[in-house]
Amino acid sequence: MKMGTGVRLLLVLALTAGSAGAQPDARRPAVPVNAIDGIIAAFAAHSTVGLPDPHGSDQAHAFLLSLIRDPRFVRTVDDIVVEFGNARYQDVADRFVRGEEVGYESLRLVWRNHTQPSISADYTHYEDLLRALRTVNAAAPAGRKLRVLLGDPPIDWDVIQRREEHFTWVEMRDAYAAAVLQIEVIAKQRRALLVYGTAHLQRRNVVSNFEMEDWRSQTIVSLVERAGPTRVFTIAGANENDATAWQPPALALIRGTSLGAVDASEYFGPGARFAIRDDKIVAVPEEQWRKLRAEEQFDALLYLGPRARAEAEPLSKKLCSEPGYVDMRLKRIALAALPPPELERVKKLCHDQAR
């Protein structure tokens, strides 16, 4: 399949994504291209492309499935690094996507035992993706099978008894994923799609007011790029008002464009910011909040259509009726000291499913 002029232009721009941006008076509008074409093109100059995962979005999930099913993807990409999978079960995931027999009781541990204790660990999207990868691999030529790399730290919930023990694993989430990327992808000269929440794809952390001196401020992308010459091609979801004229799914490079000059904070919504002072976390007053151009934070924006169509699904009736499931979720939520509404959410959703 030949690339159109717009995609060839994207490829040229991707090759120079790290160069200095244009002056404000020379800024041009961002030019969207087909998102799948654009992502495939980005791999020509980048070993890793970071794709945002708005957890629970049917819209984003459908796009990801379309991307991995495109014949060019399996010819271009080697690995998919995912946030939802506990690395303790890497062997299970490897065997499953290779087409080997793996029982559901074993497979579900990949996402169920995520470090995040809430019901977000149980979206059906995760199982769907693994099954889609298995199907793609079944038709892929020899030597071009996709591997899924589980980026969540290998926590063992059976031995976690206290909040502090759980938090130890949570704190290493970005560092662990960055290490997986460096060891399994970059060191082996492979190419990977990094599917993570947008916060993990930042170059500078908005929550730390864009200060990156403390280790707790680091993201997957900042750690990988600080460790060597690798530059990750990072994508954020476009603000709907900026992309209403784009034909979804659309991707646009933003360096040197009017969208590239926008404050990067706009892609995260309202939220508090914090600083580390004498090893203590303190709130940063709003009047001291820094700004950062979007083009310094991300390389491109992705538009999949009106967000009203992107809704997370509730827990299934089957899952709620599974013996021990609700008790397990409630116990983990309480152990991690999540806010009370999270407990009530599980109870309500499973109560509604029981009707």
Taking 4.0 angstrom as the limit, do [X] and [Y] come out as a salt bridge?
X	Y	answer
R108	E322	yes
R134	E127	no
K280	D278	no
R293	E296	no
D174	R216	no

Can any side-chain N or O of [X] pair as donor or acceptor with the backbone N or O of [Y] at less than 3.5 Å?
X	Y	answer
N239	D242	no
D79	L146	no
N205	F210	no
N34	A250	no
E295	G256	yes
Q90	V148	yes
H55	D53	yes

ILVMFWY cluster membership beyond W289 - transitive side-chain contacts under 4.5 angstrom: V284
side-chain contact (heavy atoms from CB on, under 4.5 Å) assessment of F298 paired with T198: CA-CA 10 Å; F298 304 107; T198 305; 3.7 Å; yes
Which pairs of donor and acceptor atoms, one on a side chain in residues 217-225, lie under 3.5 Å apart (sequence neighbours left out)?
residue, atom, partner, partner atom, Å
Q218, OE1, S222, OG, 2.8
Q218, NE2, M212, O, 2.6
Q218, NE2, D214, O, 3.3
T219, OG1, Q202, O, 2.5
T219, OG1, V221, N, 3.4
T219, OG1, S222, N, 3.0
T219, OG1, S222, OG, 3.4
S222, OG, T219, N, 2.8
S222, OG, T219, O, 3.1
E225, OE1, R203, NE, 3.0
E225, OE2, R203, NE, 3.3
E225, OE2, R203, NH2, 3.1
E225, OE2, V232, N, 2.9

Might you point out which heavy atoms bring [X] and [Y] nearest each other, and give the distance in Å?
X	Y	answer
C320	V326	O-CG2, 3.9 Å
A42	V49	CB-CG2, 4.0 Å
V206	S265	CG2-OG, 4.0 Å
L253	T257	O-CG2, 3.7 Å

Pairs involving residues 148-174, ordered by first then second residue, that meet ring-ring contact (aromatic ring centres under 6.0 Å, His included) (sequence neighbours left out): W157-H166
ring-ring contact (aromatic ring centres under 6.0 Å, His included): pairs with one or both residues in residues 179-209, sequence neighbours excluded: Y196-H200
R163 side chain to T168 side chain, donor-acceptor N/O pair below 3.5 angstrom: no
Between D122 and H114, a side-chain donor and acceptor under 3.5 Å: no
Contacts of Y126 that satisfy ring-ring contact (aromatic ring centres under 6.0 Å, His included) - sequence neighbours left out: F84
Y89: ring-ring contact (aromatic ring centres under 6.0 Å, His included) partners, not counting sequence neighbours: none
Ring geometry between Y303 and W246 (parallel below 30°, tilted from 30 to 60°, perpendicular above 60°): perpendicular
Over 12 foreign heavy atoms within 6.0 Å of CD, E287: yes
E100: partners by side-chain hydrogen bond (donor to acceptor under 3.5 Å, both in side chains), with sequence neighbours left out: R98
Residues that D156 engages under side-chain hydrogen bond (donor to acceptor under 3.5 Å, both in side chains), provided they are two or more places apart: R88
Can you list, pair by pair, the side-chain donor-acceptor contacts under 3.5 Å of residues 333-341, counting residues two or more places apart and other chains?
none

Any pair counted as salt bridge (Lys or Arg N to Asp or Glu O under 4.0 Å), so long as it reaches residues 140-155, sequence neighbours left out: D78-R144, D94-R147, R147-E184, D152-R173
Sequence neighbours excluded, every pair satisfying salt bridge (Lys or Arg N to Asp or Glu O under 4.0 Å) that has a member inside residues 256-269: none
Partners passing side chain to side chain contact (heavy atoms under 4.5 Å, CB included) against V102 (at least two apart in sequence or in another chain): V92, R95, F96, S106, L107
